[in-house]
Amino acid sequence: MHRRLIAPGALAASLLLAIPASAASYTPGAPGIGDPYYPAYGNGGYDVSHYDLRLTYQPRTDELEGTATLLATTTQDLSRFDLDFLLDVSEVRVNGAKAAFSTSGEHELEITPAKPLAKGTSVTVVVRYSGVPSTKSAYGFSTWHRTPDGAVAADEPESAWWWYPSNDHPLDKATYDVSVAVPDGTQAISNGTLQSSSSRLGWTRYNWRSNKPQATYLTTLAVGKFDITTGTSDGGVPVVNAYSKDLGDNDGAARASVERTGELVDWLSGYFGPYPFSSAGGYVPNTTTGYALETQTRVYYSPRQFANGSNTSVVVHELAHQWYGDDVSLKGWKDIWINEGFARYAQWLWSEHEGEGTTRELADYTYASHPADDAFWTVAPGDPGAENQFDTAVYDRGALAVQALRDEVGDDAFFAVLKGWPKEHAYGNASVDDFRTFAERVSGRSLTPLFDTWLFQPSKPGAQAARGTGLTKSAVTDGSSVARPRSWKKIAATDSVHSGTAGGR
């Protein structure tokens, strides 16, 4: 054997390499993920890959008990980290060991593991908790909606805090297993596919799985007495829909709209590419809210969406989000145009398909119906500000910007962009700037001036810009002569799609 001689200095150096970094190098994860619209939302220092939620819920008393298991990876040397949560926590374990915990701010659960966590460490966090979600609020509001026979968690930009601990920002997407026990005769609806259900001692447990990355605000829970329908679209997509049994006069119109989900998924696939998830569908609980929300694979609809009769346009809007917003999620909440502008434009395409107004006619009417001094034009869809995140302008001016893009690059490039974007960023996150870059690559054109004019300037695009992107002469010079498309009323009825959500207050 050859024995290597080590000089004293080299020995000291090798010993230092064997000693873990000092505790001083470990710092707390940030209490926010860095979104300027919502600085306290999400957290820094780790990335979640999977949530396993095992819950028991009593509709009569609104009592929720749960154990949440989070699988994550640290992105820095962590001494402490936060989760976003409101209910009462009884125990936290990190990698099997009990961890200290406390609360701070409006919704922060601060967790201090028994040992610091080095960057790149795989972490299993178990949180045991209970509470009455309807008694909790943050920033003066609640996103937990009680119904006569249960409750619903569905809201934007936040809803998770009321029923499970999370890193609550779209940047940190994860897969989910959601298992919920409820009294016999009551159902629990969530995202993805129903893996199994079983009954024991007066309780039925439903096990749902979402096997593709999903943002926290797109994760939903609905407990109540539902009529559940199932089927498969012509394109092979499994469809699960659910309707509260006490919808009253809105029941027929809701079913006449939502039951067309499979047909509409297949139709949208022609524009956006293959449907990206394991199932599709929607649910209509007996709530008093006025909005719909694109909760991934299982869209939430308020009964009020169907108070004036069936409305397939709102179903098209929410299903379009499955590609634009759910599959490809925003990087920051300022990028909301990618979600709402394209979901609104999908409604314009549906209007044309139904013979109720072409996209050109809808663009003309949108431009002409808002004079230059209308506050509508002061909202910049490309970065509207948190207070205007769900303003009508983000939808309508946002769709007008999409039409301007189509006119600029031509149909071949435009529809290649529509279909290519969800494929380019599948199951990830992207910004408005990322979209512009992608559209430039596909079209071979510089689009910065166009995007600046239609998305970022707080003023009505002038006649030259308008005519340059295809708006008709009558729309530009004499707005009063532009006829209102027949679909406008149905499309306008969805202006309140997110009105009343926390982010829209």
Side-chain angles (χ1 to χ4, degrees), residues 36-37 271 324 328 330-346 348-349 358-385 388-389 391-422 424-425 429-479 482:
Y37 280 21
Y271 289 104
Y324 281 77
V328 185
L330 40 71
K331 278 186 177 176
W333 283 106
K334 70 182 180 64
D335 300 310
I336 192 68
W337 169 72
I338 299 178
N339 294 22
E340 302 304 345
F342 286 87
R344 173 66 97 230
Y345 196 75
W348 288 14
L349 290 168
T358 66
T359 61
R360 169 82 283 135
E361 290 166 344
L362 285 158
D364 283 351
Y365 186 76
T366 300
Y367 182 88
S369 61
H370 296 281
D373 59 355
D374 192 329
F376 174 87
W377 299 108
T378 65
V379 177
D383 189 356
N388 291 317
Q389 190 177 342
D391 190 272
T392 300
V394 175
Y395 296 74
D396 288 344
R397 185 179 173 184
L400 188 58
V402 177
Q403 181 66 40
L405 172 65
R406 179 179 178 179
D407 293 334
E408 175 73 16
V409 303
D411 277 5
D412 288 348
F414 175 75
F415 289 113
V417 167
L418 274 195
K419 191 171 287 188
W421 176 252
E424 177 86 357
H425 293 281
N429 300 77
S431 66
V432 172
D433 191 55
D434 292 329
F435 183 86
R436 178 188 56 76
T437 300
F438 177 74
E440 287 180 335
R441 190 171 83 233
V442 172
S443 67
R445 292 171 179 260
S446 174
L447 297 172
T448 297
L450 180 96
F451 273 58
D452 183 59
T453 297
W454 293 95
L455 289 179
F456 293 101
Q457 289 301 318
S459 58
K460 185 174 184 176
Q464 183 176 355
R467 290 301 304 278
T469 55
L471 286 167
T472 62
K473 182 177 180 180
S474 58
V476 175
T477 61
D478 182 16
V482 178

**Request:** With rounding to the nearest 0.5 Å, note down the distance linking OH in Tyr324 to NE2 in His425.
**Result:** 10.0 Å
**Request:** Would you name the heavy atoms of Glu408 and Leu447 that are closest together and state the gap between them?
**Result:** CG-CD2, 3.9 Å
**Prompt:** Would Leu418 and Phe342 count as a side chain to side chain contact (heavy atoms under 4.5 Å, CB included) if you check the C-alpha gap in whole Å, the side-chain angles of each, and the deciding distance to 0.1 Å?
**Reply:** CA-CA 9 Å; Leu418 274 195; Phe342 286 87; 3.7 Å; yes
**Message:** Strictly below 4.0 Å, N to O, side chains only: are Arg441 and Glu424 in salt-bridge contact?
**Reply:** yes
**Request:** Answer whether the closest heavy-atom distance between the side chains of Val402 and Phe414 falls below 4.5 Å.
**Result:** yes
**Message:** If I take atom CZ from residue Phe456 and atom CZ from residue Phe451, how far apart are they, to the nearest 0.5 angstrom?
**Reply:** 8.0 Å
**Message:** Distance check, rounded to the nearest 0.5 Å: Glu340 atom CD versus Asp335 atom CG?
**Reply:** 12.5 Å
**Message:** Quick check for you: to the nearest 0.5 Å, what is the distance between Asn429 atom CG and Leu330 atom CG?
**Reply:** 7.5 Å
**Message:** Can you tell me how far apart CH2 (Trp454) and CG (Leu450) are? Round to the nearest 0.5 Å.
**Reply:** 8.0 Å
**Prompt:** Under a 4.0 Å N-O cut-off, is there an ion pair linking Arg397 with Asp391?
**Reply:** no
**Request:** State, with a plain yes or no, whether a side-chain heavy atom of Pro384 is found less than 4.5 Å away from one of Ile336.
**Result:** yes
**Prompt:** Taking atom types as modelled and ignoring hydrogens, do the side chains of Asp434 and Ser431 form a donor-acceptor contact shorter than 3.5 angstrom?
**Reply:** yes
**Prompt:** Heavy atoms, side chains only, cut-off 4.5 Å: are Val394 and Arg344 in contact?
**Reply:** no
**Prompt:** Parallel, tilted or perpendicular for His370 and Trp377, by the 30°/60° rule?
**Reply:** perpendicular
**Message:** Distance to the ring centre below 6.0 angstrom and angle to the axis at most 45 degrees; does that hold for Lys460 and Tyr367?
**Reply:** yes
**Request:** Decide, yes or no, whether a salt bridge links Glu440 with Arg436 under the criterion of side-chain N to carboxylate O below 4.0 Å.
**Result:** yes
**Request:** Indicate whether the side chain of Asp383 and that of Tyr37 have a donor and an acceptor atom separated by less than 3.5 Å.
**Result:** yes
